[in-house]
Engineer: 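Structure provided below as structure tokens; questions to follow.
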Amino acid sequence: MIKAENLSYGFPQKDLYEKISFTLEEGRHCALIGSNGTGKTTLAELIRSPEDFLFDGTLIREDVGRIGYVTQFASRDKSQSITVWDYLLSDFQALRQEMDTVCAQMETAEDLDALLERYQQLLDEQDAIDGDNCELNIRLQLQLAELEDKADLELSLLSGGEYKLIQVIRQMLRRPGLLIMDEPDVFLDFENLNGLRDLINHYKGTLLVVTHSRFLLSHCFDQIWHLENGDLQEFDGSFHEYTFTLLQRKVELQEAAAASAAEIQRVEALVERLRAEATEVIDPLKGRVLKGKATYLERQKARQIKPPFVEIQTPAIRLPQPAPVEEDAVLLQVDDYNLAFEKPLLDHVSFTIRARQKVAIVGPNGTGKTSLLREIHKGSHPAIRYSEEAVVGFFSQLHEESLCEAHTILKEFFEAGLETRHAVEEYLARYCFAPEGLGRNIFQLSGGEKNLLQLAKLALGEKNLLLLDEPSSHLDTFAQQALEEAISAYKGAVLMVSHDFYTIANCMDSVLFVEDGTLRPMSIRAFRKMIYKHHFSKDDLELETRKKELETRIARCLEKGSTEDAKLLLEELEPIVAAMNEKG
């Protein structure tokens, strides 16, 4: 269906791909992954509209037909008065209306050939999208997404996550030859994420999905495209199998690197001995042997296998030094807070945040979590009080609130307090920004790159209370893990709104769960149990915990150069990956 050979493309300030090749066959569900800023969205758009790009190499699209597209930034007209049902039915109704119009024109037209041809085209189109069964198909899709109770609701009243799922359903109902979705999971709550998983897994067409969602990657997709460092690696199989294969490859390459280094060391010792002997006795034969071994040594050094074996851009995220404060001091007090828009959302909310506490606010889309966090950030509501010792940092899911999109990266960090270009280059290298790219305007960056810049700005200065609104959204899986490590290592307090189960489970101390219009305190253990009970298969938690433990031990073995121990641990990991793959 899609085939590329030696495809190269880039911007004036950045090369994205260098002679990459890939194939996407009909019926496959392919995940496109990779570090932030590697060009995943650009590649998806290039496949969708190659005529809009000047690229080298070939891109062949055979029998693709119409290409559907779901953007990561789903916008809507909130004044639009239409129900979910009518919105999903509108494409089919438009097709029927055109068919009726053509039929009416046939009654009076003298030349019927063109009208007959157009009518046949419309019949074929209706057949392709199963127009005769459209109402049944709409009901089935809404049931899959667990949105059947929203059918009669006006589109403008949906939460952001529900609206995103409706966009996915609308595109799937159109039955395109290829459906491309760019981060359809961003900001979805757990229920909506379940719905998206089921929609993907029941879809019979060809899918290309840009995603960083560890949940979707674990439970969907039979093909992986990994875009990294200008190259693309294809893998036929699940994400669990792919990560296991990458780890296997690391062990193999470290073993080969050790063998290569040992051979070089052996030949170096031999060359040194031959040189010593040549200075004592002039012997033409030994001279020729020495020359041959020295040449062999140079060849071995030129071909030496060097770790790190599989290069993946992983940012070294750090959070700011906390401003001095007593370890058990109360930094934030919320007493009897209420929130309402068209209807009450939160009633009688009360909680405190102490120094070093890490708390996540969790709940469905549209329940007022972000509104509460933003109100806390403003600090002007009478129910919200900071202590005098609180020094607050804020991460917004709206990039333009923290970053000036018209600025270059360099100018943004000059204004943030870094005084020289060298200082900016050195600082942002930790966040995977190359010196040659600092002249780019911020509006040119991907969502993940903007998030990394926000985190980099947040880390400047001293802060002892961080308010984080969806900080892992748009971040690639490697950056998500780096963020979790940074939050875990942070010695201050964190109040975070997130829909990312993994981030919450891996670095938060407790949860405030939105339930019946208020916030219910919950331990992280109880939260993990609740999530796995309702959103994962049986034993998933145990398998994932064991998998993570083994992967950590393998990484430590590789750091020490203990490849034999790493290989033994890989043998333990393999059946766990197989079991997770079977469940996924």
Side-chain angles (χ1 to χ4, degrees), residues 36-37 41 71-76 78 159-161 163-164 183 186-188 212 315 317-320 332 334 337 339 341 345 353 360-361 365-381 384 386 390-418 424 427-428 431 433 438 440-475 479-480 483 486-487 490 492-500 503:
N36 295 126
T41 293
T71 175
Q72 59 179 291
F73 303 109
S75 59
R76 54 182 158 163
K78 290 209 171 187
S159 71
Y163 182 75
K164 179 71 76 73
E183 295 195 48
V186 171
F187 305 133
L188 294 192
H212 301 307
I317 296 171
R318 70 173 178 83
L319 295 176
L332 172 68
V334 178
Y337 173 82
L339 175 69
F341 291 117
L345 289 177
I353 300 294
I361 302 176
N365 290 120
T367 50
K369 303 181 300 298
T370 289
S371 296
L372 169 60
L373 196 71
R374 294 173 73 83
E375 196 92 73
I376 291 171
H377 176 231
K378 290 176 186 174
S380 57
H381 195 284
I384 297 165
Y386 289 111
V391 183
V392 181
F394 180 59
F395 178 102
S396 175
Q397 62 173 273
L398 303 174
H399 301 124
E400 62 273 14
E401 290 188 340
S402 299
L403 303 169
C404 177
E405 303 234 329
H407 280 177
T408 64
I409 299 172
L410 193 62
K411 183 175 180 181
E412 187 76 9
F413 280 82
F414 280 158
E415 295 198 357
L418 299 180
V424 177
Y427 183 65
L428 290 183
Y431 294 84
F433 288 92
L438 298 183
R440 286 187 294 163
N441 293 102
I442 290 173
F443 70 80
Q444 296 175 302
L445 304 180
S446 70
E449 288 176 307
K450 291 176 184 177
N451 274 17
L452 287 174
L453 281 188
Q454 268 205 85
L455 289 168
K457 280 189 70 175
L458 188 65
L460 295 170
E462 290 189 341
K463 304 171 183 74
N464 54 27
L465 172 59
L466 301 182
L467 308 176
L468 308 178
D469 189 9
E470 300 282 5
S472 62
S473 64
H474 302 295
L475 291 183
Q480 288 170 21
L483 175 62
I487 292 174
Y490 179 57
V494 176
L495 181 61
M496 178 178 75
V497 169
S498 179
H499 291 126
D500 189 327
T503 299

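We use all heavy atoms of the structure for the numbers below, so side chains are in, but hydrogens, waters and symmetry mates are not.
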Engineer: Is there a donor-acceptor pair under 3.5 Å between the side chain of Asn464 and the backbone N or O of Val391?
Structural biologist: yes
Engineer: Can Gln397 and Thr370 be said to form a side chain to side chain donor-acceptor pair (under 3.5 Å), step by step?
Structural biologist: CA-CA 9 Å; Gln397 62 173 273; Thr370 289; 3.2 Å; yes
Engineer: Would Arg374 and Glu401 pass as an ion pair if we require N to O under 4.0 Å?
Structural biologist: yes
Engineer: Leu483 versus Pro471: any side-chain heavy-atom pair under 4.5 Å?
Structural biologist: yes
Engineer: Within the distance-only criterion (no hydrogens, no angle test), does the side chain of Tyr427 pair as donor or acceptor with the backbone N or O of Ala456 below 3.5 angstrom?
Structural biologist: yes
Engineer: Quick one: pull up CG in Leu466 and CG in Leu455 and give me the separation to the nearest 0.5 Å.
Structural biologist: 10.0 Å
Engineer: Test your reading of the model: is there a side-chain donor-acceptor pair from Thr408 to the backbone of Lys411, 3.5 Å cut-off?
Structural biologist: yes
Engineer: Could you tell me whether a side-chain N or O of Ser402 sits under 3.5 Å from a main-chain N or O of His399, the two making a donor and an acceptor?
Structural biologist: no
Engineer: Measuring only between side-chain heavy atoms, which start at C-beta, is Leu452 closer than 4.5 Å to Ile317?
Structural biologist: yes
Engineer: May I ask you to test the Arg318-Tyr431 pair for a side-chain heavy-atom distance under 4.5 Å?
Structural biologist: yes
Engineer: Can you find a heavy atom in the side chain of Leu345 that is under 4.5 Å from one in the side chain of Thr367?
Structural biologist: no
Engineer: Look at the side chain of Glu183 and the backbone N and O of His212, then say whether any donor-acceptor pair between them is shorter than 3.5 Å.
Structural biologist: no
Engineer: Check side-chain hydrogen bond (donor to acceptor under 3.5 Å, both in side chains) between Glu412 and all other residues, then give those that pass, not counting sequence neighbours.
Structural biologist: His407, Lys457
Engineer: Assess the residue pair His474 and Gln72 against the criterion (side chain to side chain contact (heavy atoms under 4.5 Å, CB included)); give the C-alpha distance rounded to whole Å, side-chain angles, the decisive distance to 0.1 Å, and a yes or no.
Structural biologist: CA-CA 9 Å; His474 302 295; Gln72 59 179 291; 3.0 Å; yes
Engineer: Once you round to the nearest 0.5 Å, how far does CG of Leu373 lie from OG of Ser396?
Structural biologist: 9.0 Å
Engineer: Roughly how far apart are Leu445 CG and Leu403 CG, rounded to 0.5 Å?
Structural biologist: 8.5 Å
Engineer: Counting C-beta onward and ignoring hydrogens, is there a side-chain heavy-atom pair between Ser473 and Asn451 closer than 4.5 Å?
Structural biologist: yes
Engineer: With a 4.0 Å cut-off on N to O distance, would you call Glu449 and Arg440 a salt bridge?
Structural biologist: yes
Engineer: If I take atom CG from residue Asp469 and atom CD from residue Gln454, how far apart are they, to the nearest 0.5 angstrom?
Structural biologist: 9.5 Å
Engineer: Please step through side chain to side chain contact (heavy atoms under 4.5 Å, CB included) for the pair Glu470 and Met496, ending with a clear verdict.
Structural biologist: CA-CA 7 Å; Glu470 300 282 5; Met496 178 178 75; over 6 Å; no
Engineer: Between Asp500 (side chain) and Ser472 (backbone), is there a donor-acceptor pair under 3.5 Å?
Structural biologist: no
Engineer: Checking Asn36 side chain against Ser446 main chain: does a donor-acceptor pair fall under 3.5 Å?
Structural biologist: no
Engineer: Just verifying a value: how many Å separate Phe413 CZ and Leu438 CG, rounded to the nearest 0.5 Å?
Structural biologist: 9.5 Å
Engineer: Please round to the nearest 0.5 Å and tell me the distance separating atom CD1 of Ile487 and atom CG of Leu468.
Structural biologist: 5.5 Å
Engineer: Determine whether a donor-acceptor pair (N or O, by modelled atom type, separation under 3.5 Å) exists between the side chain of Gln480 and the backbone of Leu475.
Structural biologist: yes
Engineer: Using the side-chain contact (heavy atoms from CB on, under 4.5 Å) definition, which of the options Val334, Leu372, Ile376 pairs with Leu495?
Structural biologist: Ile376
Engineer: Run the side chain to side chain contact (heavy atoms under 4.5 Å, CB included) test against Ala493 and tell me which residues pass, sequence neighbours left out.
Structural biologist: Leu331, Ile353, Leu465
Engineer: Are Lys164 and Leu188 close enough that some pair of their side-chain heavy atoms sits under 4.5 Å apart?
Structural biologist: yes
Engineer: For Phe395, which residues count as a ring pair (Phe, Tyr, Trp, His ring centres under 6.0 Å) partner, sequence neighbours excluded?
Structural biologist: none
